[in-house]
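A, B, ... follow the sequence lines: proteins, then strands. Residue 1 opens every chain. Excluded from the calculations below are hydrogen atoms, water molecules and symmetry mates; all remaining heavy atoms, backbone and side chain alike, are included.
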Amino acid sequence: MFDIRWIREEPEAFDAALKRRGLDPLSADVLALDTRRREAQTALQTMQTLRNEASKAIGDAKRKDEDASELMAEMAALKDKMTAAEEAERQLGAELLDILSCLPNAPLPEVPDGADETANVCLRSHLEPRQFDFASKEHYELGEALGLLDFEAAAKLSGARFAVMRGKLARLHRALAQFMLDLHTTEHGYTEVAPPFLVRDEALYGTGQLPKFAEDLFRTTHGLWLIPTAEVPLTNLVADEIIAAEALPLRVTALTPCFRSEAGSAGRDTRGMLRQHQFEKVELVSITTPEESADELERMVGCAENVLKRLGLPYRTMVLSTGDIGFAAAKTYDVEVWLPGQDAYREISSCSNCGDFQARRMRARYRPEGDKSTRFVHSLNGSGVAVGRCLIAVMENYQQADGSIEVPEALRPYMAGLEVIAADG
RNA sequence: GGAGGGGUGCCGGAGUGGUUGAACGGGACGGUCUCGAAAACCGUUGUGCGUGAAAGCGUACCGAGGGUUCGAAUCCCUCCCCCUCCGCCA
């Protein structure tokens, strides 16, 4: 969320940030509303001062057994005006918050401008896509032929956009998740967290999914929401906290299921398990000082890339353009893995620096050393990486002519030494 | 689900409806003392918003939201959370 004081000081910069996001200028409207709100607040506070002083005087008078009825009557008369002033102040404040909480974060200066993903810029790539001397297949063809991937069973249970994995494939999926978690906790310095998968409105507001993107989420009959990513519980761990500077950076990771309604993606990626209502993901979250967040983003995307390096998967790393970055992000790197079956790179990780955008929404602050005041932290999140999509990548990149799948070296310790997944399951 | 008990500052813990942003204790920080340390003593120790160049001033906040009152941490209502016991349960 934008800082209203910053908008007051630099309305042109605010409008310029909106413009990069493809939005019309709003500073004039916002500042007019802000002025009215502050006037309402001042008016209210003036009355409160008056009331407090009068109440004190009444207390004094009563203690001395003097008559205070005149003053009391005066204050009683003030009451309606105060109620109205309170209501006006509250109303204007809510209006302003409604506007601000629906505006996306400002992109960092180095983020390339562009209308959509075609303006994303490739930073680097790793490994040449493997050349097959046979016709390579897509993951669902491989999985179904092996009898280990079952979309019909999933449809019976849950409908479209779900999958059932069996046998060695289910184990490979589990192995991938364990491997990633071990890598991040033992080599990358992240602390493992097992968070709740159901969260309150406030948590989703904090990370920016609410109020604007409710339709992308699943909500329970009890009013809790299924998390669309572990970014939500992990980042909100610092909500309403004031953290000591020495404790930063905070690095946490979690393996969780993620639930997404995929409301706006009808017809896209309908085959296979690339886009599901439920998938597992290992998430990375860092909480840093404003000075450190830029470096932390580089470090984080490095951690995500490292997963793919260890697995021997070809990928490329992209800087997203202003037209493609998410609501809360100031800058985002996508890591795209090569999928031979699709003959394309597909997103497998997305790492974002959210600056103080989320911190401001969730009041997450830290106290700089030797400083009495507080500052908002910076928050970053990234997939490290999406487990389901990574399984697809392993299947397609490690497929063999007979339809079997070689187990990448790094995963064999998690598979009891198994080297190949073949038709016998 | 049933029955009780609670939610106050960094922590513990007070608080007859009136100068309580909050006693007291602990912790932390600064200082005195000391060759140094401990002890002792003195002092400091919340967050947001508004206003101001700043110092400051004002205002709100004692789980959340309403209400009563000239005035609410204190009274009333609703909700949330935590704890104990019983039931159920992985």
[N], OP1 or OP2 - any side-chain N/O from [X] closer than 4.0 Å?
| X | N | result |
| --- | --- | --- |
| Thr49(A) | U59(B) | yes |
| Arg51(A) | G18(B) | no |
| Arg365(A) | G48(B) | yes |
| Arg8(A) | G50(B) | yes |
| Arg38(A) | U51(B) | yes |
| Lys79(A) | G71(B) | yes |
| Arg37(A) | C49(B) | no |
| Ser55(A) | U19(B) | no |

By nearest atom, which of the nucleotides [options] is closest to the [X] side chain?
| X | options | answer |
| --- | --- | --- |
| Arg200(A) | G18(B), U51(B), C80(B) | C80(B) |
| Gln41(A) | C70(B), C49(B), U47(B) | C49(B) |
| Asp60(A) | U19(B), U47(B), G71(B) | U19(B) |
| Lys56(A) | U19(B), A60(B), C70(B) | U19(B) |

field: Presence of donor-acceptor pair under 3.5 Å, side chain of Gln45(A) and base of G58(B)
entry: yes

Rounded to whole angstrom, note down the [atom1] distance from [N] over to [M].
| N | M | atom1 | result |
| --- | --- | --- | --- |
| U59(B) | G71(B) | P | 15 Å |
| G12(B) | G67(B) | P | 32 Å |
| G43(B) | A23(B) | P | 14 Å |
| C49(B) | U45(B) | C1' | 22 Å |
| C81(B) | G17(B) | C1' | 27 Å |
| U8(B) | G46(B) | C1' | 13 Å |
| G63(B) | U16(B) | P | 15 Å |
| G7(B) | G13(B) | C1' | 13 Å |

query: Are Arg361(A) and Tyr205(A) in a cation-pi contact, defined as NZ or CZ under 6.0 Å from the six-membered ring centre and within 45° of the axis?
result: yes

May I ask which nucleotide in the shown strands pairs with [N], Watson-Crick or G-U wobble, both distances under 3.5 Å?
| N | value |
| --- | --- |
| C33(B) | none |
| A14(B) | none |
| U51(B) | G56(B) |
| C75(B) | G67(B) |
| G9(B) | none |
| C85(B) | G2(B) |
| A28(B) | U44(B) |
| A90(B) | none |

Within this structure, what is the [atom1]-to-[atom2] distance between [X] and [N], rounded to whole angstrom?
| X | N | atom1 | atom2 | value |
| --- | --- | --- | --- | --- |
| Met47(A) | A60(B) | CE | P | 13 Å |
| Ile242(A) | U47(B) | CD1 | C1' | 6 Å |
| Asp34(A) | C49(B) | CG | P | 12 Å |
| Asp240(A) | U47(B) | CG | P | 14 Å |
| Asp201(A) | C80(B) | CG | C1' | 13 Å |
| Arg360(A) | C49(B) | CZ | C1' | 14 Å |
| Met75(A) | U68(B) | CE | P | 17 Å |
| Met72(A) | G17(B) | CE | C1' | 12 Å |

Centroid-centroid distance, Phe327(A) to Phe213(A), less than 6.0 Å: yes

- request: Answer with yes or no after comparing the ring centroid distance for His277(A) and Phe259(A) against a 6.0 Å cut-off, counting only values under it.
  value: no

field: Closest-nucleotide 5' rank along RNA chain B - winner of Gln48(A) and Ala73(A)
entry: Gln48(A)

- prompt: Starting at the 5' end of RNA chain B, which residue's closest nucleotide do you reach first, Ala54(A) or Lys62(A)?
  reply: Lys62(A)

Would you give the length of the straight line joining atom [atom1] of [X] to atom [atom2] of [Y], rounded to the nearest 0.5 angstrom?
| X | Y | atom1 | atom2 | value |
| --- | --- | --- | --- | --- |
| Leu224(A) | Thr221(A) | CG | OG1 | 9.0 Å |
| Ser261(A) | Leu226(A) | OG | CG | 11.0 Å |
| Arg38(A) | Thr42(A) | CZ | OG1 | 8.0 Å |

Give one of base, sugar-phosphate or nothing for [X], where a contact means two heavy atoms less than 4.0 Å apart.
| X | result |
| --- | --- |
| Leu71(A) | nothing |
| Arg90(A) | nothing |
| Asn52(A) | sugar-phosphate |

query: Glu305(A) and Tyr315(A): side-chain donor and acceptor closer than 3.5 Å?
result: yes

Residues Glu39(A), Arg36(A): salt bridge by 4.0 Å N-O rule: no

- prompt: Hey, does the side chain of Asp324(A) reach the backbone of Leu320(A) with a donor-acceptor pair shorter than 3.5 angstrom?
  reply: no

